[in-house]
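Both ligands and their constituent atoms are indexed starting at 1 by order of listing. Just so it is clear, the values below take in all heavy atoms, side chains as well, and ignore hydrogens, waters and symmetry mates. Along the sequence shown, the residues carry numbers beginning at 1.
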Amino acid sequence: MKTLPKIAIASIVLGFAVGAVSASPASENWENSCASCHGADGKAQTKQGKKLKVRDYTLAAVQAEMKDDEMLKAILDGYFENGKERMKGYKDEYSEQEAKDLVAFIRGLKP
Ligand code: HEC
C-alpha cells in the first residue's frame, strides 16, 4: 500500500482541529450559562427570562439597539440599568475571547 504524503495527512489533521475549535464553544457556553434566562434560541421564553423581562435577541430591532462593545462589556462586567445590576458579569468564567465569541453567537441568532 502506498503511504499518503505527509502533507495530506497534516492538512487532514489540521482541518479537523480547526473545525473542532470553531464548531461549538460559544454555543456550548451559551447553553450552559446563558440559556436559562436568554433561552437556547435567544428568545428568552424561559421562566427566568420572562420574570427578568429579557429582550428577544432574535429580533432585528433588538439586535440594532445593541452595540458589540456594550454587549462584550455586559458579558464581562455585568449589565446595569440606572445603576442597578440586571445581569452579573462573567469575567471569572470566560476570557475576553470567549465573551467575544458569545457576542458573535448572539449576532447569529435568528428568529
Ligand atoms: C440570570 C439571568 C441571566 C443570565 C444567566 C444571563 N443573562 Fe444576559 N441579561 C439578563 C438580563 C435581565 C439582561 C438585561 C435585559 C435585556 O437585555 O433584555 C441581560 C442582558 C444581556 C446582554 C445585553 C447587553 C446590551 O448591550 O444590551 C447581553 C449581550 C447578554 N445579556 C448576554 C448574556 C450572555 C452571553 C450570558 C451567558 C454567559 C448571559 N447573558 C446570561 C439576564 C441574564
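- Of all the heavy atoms of Val54, the ones lying under 4.0 Å from any atom of ligand 1 are found in both the backbone and the side chain.
- The single protein non-hydrogen atom nearest to atom 18 (O) of ligand 1 is Arg55 N, 2.5 Å, given as residue, atom name and distance.
- Of all the heavy atoms of Met87, the ones lying under 4.0 Å from any atom of ligand 1 belong exclusively to the side chain.
- Among the atoms of Tyr79, none of the N, O or S atoms falls under 2.8 Å from atom 8 (Fe) of ligand 1.
- Panel note: side chain Arg86, backbone Leu52; a donor-acceptor pair is recorded below 3.5 Å.
- Judged by the 6.0 Å and 45° rule, Lys88 forms a cation-pi pair with Tyr90.
- Residue Ile75 has at least one heavy-atom neighbour below 4.0 Å for each of these atoms of ligand 1: 32 (C), 35 (C).
- Taking every heavy atom of Glu70 and a limit of under 4.0 angstrom, the matching atoms of ligand 1 come to 26 (O).
- Leu102 is not listed as a side-chain neighbour of Glu98, based on a closest heavy-atom distance of 4.5 Å or more.
- With respect to atom 12 (C) of ligand 1, the closest heavy atom belonging to the protein is Arg86 O, 3.4 Å.
- Taking atom 8 (Fe) of ligand 1 as reference, His38 places its N/O/S atom NE2 nearest.
- Counting only heavy atoms from C-beta outward, the side chains of Phe105 and Asp101 never approach each other to under 4.5 Å.
- At a heavy-atom distance under 4.0 Å, only side-chain atoms of Ser36, from C-beta outward, approach ligand 1.
- Counting all heavy atoms, side chain and backbone alike, Ala40 lies closest to Ala35 at N-CB, 3.7 Å.
- For the pair Tyr94 and ligand 1, the shortest N or O to N or O distance does not fall below 3.5 Å.
- Given atom 41 (C) of ligand 1, the protein heavy atom at minimum distance is Tyr90 OH, 3.3 Å.
- Contact annotation: for Ile106 versus ligand 1, heavy atoms closer than 4.0 Å belong to the side chain alone.
- Considering backbone and side-chain atoms alike, Tyr57 places an N or O below 3.5 Å from some N or O of ligand 1.
- Taking a 4.0 Å cut-off on heavy atoms, Phe105 fails to register as neighbouring ligand 1.
- Between Ser33 and Tyr94 the shortest heavy-atom distance is OG-OH, 2.5 Å.
- Here the NZ-OG distance, from Lys47 to Ser36, works out to 12.0 Å after rounding to the nearest 0.5 Å.
- Closest approach of Trp30 to Gly39, counting heavy atoms only: NE1-O, 3.0 Å.
- Asn82 contributes no side-chain N or O that, together with a main-chain N or O of Lys84, makes up a donor-acceptor pair within less than 3.5 Å.
- When Cys34, Ala74, Cys37 are ranked by how near their heavy atoms come to atom 35 (C) of ligand 1, first place goes to Cys34.
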Name the atoms and distances for all side-chain donor-acceptor pairs under 3.5 Å in residues 57-64, with sequence neighbours left out.
from, atom 1, to, atom 2, distance (Å)
Thr58, OG1, Asp56, OD1, 2.6
Thr58, OG1, Asp56, OD2, 3.4
Gln63, OE1, Arg107, NH1, 2.9
Gln63, NE2, Tyr57, O, 2.7
Gln63, NE2, Ile106, O, 2.9

